[in-house]
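Single-structure report; data block below.
Side-chain atoms are counted along with the backbone in the values below, which use heavy atoms only and exclude waters and symmetry mates.
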Protein chains: 2
Amino acid sequence: MSINVLLVEDDIDLAATVVDYLEIEDINCDHAANGVQGLSLIELNDYHVILLDLNLPRLDGLSVCQKVRESSNDTPILMLTARDSLKDKIAGFNVGTDDYLVKPFEIEELLIRVLALSKRRSGQVSTLQMGELVLQLKTHSATYANQAVKLTPITCKLLEKFMREASKPISRKDLIQTVWGEEQPDSNSLKVHIHHLRKQLEKVEAKLSIETETGFGFALREK
Amino acid sequence: MSINVLLVEDDIDLAATVVDYLEIEDINCDHAANGVQGLSLIELNDYHVILLDLNLPRLDGLSVCQKVRESSNDTPILMLTARDSLKDKIAGFNVGTDDYLVKPFEIEELLIRVLALSKRRSGQVSTLQMGELVLQLKTHSATYANQAVKLTPITCKLLEKFMREASKPISRKDLIQTVWGEEQPDSNSLKVHIHHLRKQLEKVEAKLSIETETGFGFALREK
DNA sequence: GTTCATTCTTAACCTTCACTTAACCAACAA
DNA sequence: TTGTTGGTTAAGTGAAGGTTAAGAATGAAC
């Protein structure tokens, strides 16, 4: 299976060079010339790696990256930047960049980074399964024994975390971290969402339930 | 919680510089001067990131990396290399490197890469073991011969202390200190919790028991 | 812009559970 | 006997967790 990447870059000449070079290496490379177009392509397709210029018309790279992560898409992102300041790089990593490259870069350099990043998430699965419960990551939808399980963005993130840790207890702190990241709500939001998720599992009479580990957190287990 | 990294590097001057700089940033940095020593430290401790020189006495960086991955340890590894050839880098990524840096590098550069890699770190498991009893620290859960042992926050702390001291007697004072810290309860709480923990060990018919050292404290021992 | 639906946060209230406490036993030594 | 040390049990309390509903925020449809 060949690698599929997206390049978001407004310099048309540079873009053409990159696209051509990657094609030679049997890497398919789509191209978007601005941030907005980039985002819609990312929503539409499933890329292995996203190459993102920092300075973009319409929507800058950092914002694009932020929006991608907000939609709980964890495709590896390689930031391309003309600047070389520590501040920019740290800002990049804070919004969820995986790596960066300072322009002008050697095209071979780009190649190995793309190869490395595409491998990193190669263990990526688009569906998670536990008994009869199936979570489709791409479409944010879940089914139990072929009945739909209704998920909101937050309950979906929770369910994903639970299924990735399969039966293991997860601390409240971890759960809050995976749902909200840094900006955490002040109050008892988590327990409300856990409650919603439990309700949905009950509704389909799932043989799975979210058990409480008092004083620690929760675990999704077979009954 | 501060970051804990290991630097495997034979150039003592460089090593000292790196260690000092990282300490300033509140990152604890252990140092090994050759590959063999590096490997044993990796086995012994739980690092967030490993910084690995490519040219090392006794066992080169690539081999160290390979061995680490073979022992299914997925700590992020940052390769430090004097060479800049595409071949070396690809070789690095093939044996499981996560990133690399070409010498001479800016120390700030190293810092942001360490920060980025430490974030990426996947759920490392730290477990304590004694006979068939296994305590999973991250999930606050224990099993004996694969049966779950039910733990409350306090019995979990007690069990952790007992297993860390493996068979050694621990004074009441020590136990109370590890569970409650400064604000200690007035009464006989400790013996109640010890009792609960004993009950749980009995329930799974563990070949371990908490023995009383009269006038001193307790010890967890094989029967 | 307004309206509507959906989702998230917040807060109030209720329930459950772990922890503390204290009382009572058992073993043993003085 | 009595005092000391440790073990067992159970009740009460407070904190942690569960439930519900109202209102704020968001975003799509018009």
Nearest to the side chain of [X], which nucleotide is it out of [options]?
X: B/Val192; options: D/dA10, C/dC19, C/dA18; answer: D/dA10
X: A/Ile154; options: D/dG6, C/dA18, C/dC8; answer: C/dC8
X: B/Lys150; options: C/dC19, C/dA18, C/dT21; answer: C/dA18
X: B/Ser189; options: C/dT20, C/dT7, D/dG6; answer: C/dT20
X: B/Pro153; options: D/dT19, C/dA23, C/dC19; answer: C/dC19
X: A/His195; options: D/dG18, D/dT19, D/dG6; answer: D/dT19
X: A/Arg172; options: D/dG7, C/dA18, D/dG17; answer: D/dG17

Output the rounded distance in Å from [atom1] ([X]) to [atom2] ([N]).
X: B/Leu190; N: C/dT20; atom1: CG; atom2: C1'; value: 13 Å
X: B/Leu197; N: C/dC19; atom1: CG; atom2: P; value: 12 Å
X: A/Phe216; N: C/dC17; atom1: CZ; atom2: C1'; value: 18 Å
X: A/Asn188; N: D/dT20; atom1: CG; atom2: P; value: 14 Å
X: B/His196; N: C/dC19; atom1: NE2; atom2: P; value: 8 Å
X: A/Lys191; N: C/dC17; atom1: NZ; atom2: P; value: 15 Å
X: A/Leu151; N: C/dT6; atom1: CG; atom2: P; value: 15 Å
X: A/Arg198; N: D/dT20; atom1: CZ; atom2: C1'; value: 15 Å

[X] side chain N/O closer than 4.0 Å to the phosphate oxygens (OP1, OP2) of [N]?
X: A/Thr212; N: D/dG18; value: yes
X: B/Thr152; N: C/dC17; value: no
X: A/His193; N: C/dT7; value: no
X: B/Trp180; N: C/dC19; value: no
X: B/Lys199; N: D/dT9; value: yes

| Is the shortest heavy-atom distance from the side chain of A/Asp53 to the side chain of A/Val8 under 4.5 Å? |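 They are not in contact (no side-chain heavy atoms under 4.5 Å apart), so the answer is no.
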| task | For residues A/Asp10 and A/Asn34, determine if any side-chain heavy atom of one lies less than 4.5 Å from a side-chain heavy atom of the other. | result |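 Of all side-chain heavy-atom pairs linking A/Asn34 with A/Asp10, none is under 4.5 Å.
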Which side-chain N or O atoms in residues 147-167 of chain B pair as donor and acceptor under 3.5 Å with protein atoms at least two apart or in another chain?
from, atom 1, to, atom 2, distance (Å)
B/Thr152, OG1, B/Thr155, N, 3.3
B/Thr152, OG1, B/Thr155, OG1, 3.0
B/Thr155, OG1, B/Thr152, N, 2.7
B/Thr155, OG1, B/Thr152, O, 3.1
B/Lys157, NZ, B/Val179, O, 3.4
B/Glu160, OE2, B/Arg164, NE, 3.1
B/Glu160, OE2, B/Arg164, NH2, 3.0

| said: Just verifying a value: how many Å separate A/Lys168 NZ and A/Glu213 CD, rounded to the nearest 0.5 Å? | reply: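 Reported value, rounded in 0.5 Å steps: 13.0 Å.
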| query | When rounded to the nearest 0.5 angstrom, what is the spacing between CG in A/Leu208 and NZ in A/Lys223? | reply |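 So the CG of A/Leu208 and the NZ of A/Lys223 are separated by 8.0 Å.
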| query | Does B/Gly181 offer a backbone N or O that forms a donor-acceptor pair with the side chain of B/Gln184 under 3.5 Å? | reply |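 A pair under 3.5 Å: yes.
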| task | Select base, sugar-phosphate, or nothing to describe what B/Ile194 touches, counting heavy atoms under 4.0 Å on all strands. | result |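 Answer is nothing: B/Ile194 stays at 4.0 Å or more from every strand.
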